[in-house]
Amino acid sequence: MSKENTYYSTSPMLLTLSEVIKYVDNGKNEFGCVRQPLLNIPLDHVIPDELHLLLRITDVLLTNLLDDAMERDEKEDNLKARGMEKGVHLKGIVKKATVIEGHYVCNWCYPH
């Protein structure tokens, strides 16, 4: 591990509910604090479940992957001659995502 066991449970990484509200109010998006908490529960009483953490991480990674592919396509497509296939990076990712072991996994990503 690159951090000590107590790294996230000590200041400055350990945040209280009042600190989260303060960071939201200053509008600087510090520590990922964007909106006011929905419930006023002390953060040391909250246990996020692994499933939802992993789903959100996967969502962010997939979004970044698709955004990068579209950005690469945009740059390369401007240099391609008329009639050449465009959007090859995004199509490649979608093709790999839609068929994994013969199962359609992500057929919502891109219209066929």
Counting distance only, does the side-chain N/O of Lys80 pair as donor-acceptor with the main-chain N or O of Glu85 below 3.5 Å?
yes
Measure the shortest side-chain to side-chain distance between [X] and [Y] over non-hydrogen atoms and say whether it is less than 4.5 angstrom.
X	Y	answer
Val88	Lys91	no
Thr16	Pro42	no
Asn40	Leu17	yes
His89	Glu76	yes

Single-linkage hydrophobic cluster, 4.5 Å side-chain cutoff, Leu65 and Met70 together:
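Leu65 clusters together with Met70.
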Is there a chain of hydrophobic side chains (I, L, V, M, F, W, Y, each step under 4.5 Å between heavy atoms) that links Ile21 to Leu15?
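Per the 4.5 Å side-chain linkage, Ile21 and Leu15 are not co-clustered.
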Provide the closest heavy-atom pair for [X] versus [Y] in the form atom of the first, atom of the second, distance.
X	Y	answer
Leu90	Asp73	N-OD2, 2.9 Å
Gly87	Asp77	N-OD2, 3.2 Å
His45	Ile41	CB-CG2, 4.1 Å

Gln36 atom CD, over 12 foreign heavy atoms within 6.0 Å:
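Buried by this count: over 12 neighbours within 6.0 Å.
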So does Lys22 pair up with Asp25, basic N to acidic O under 4.0 Å?
no
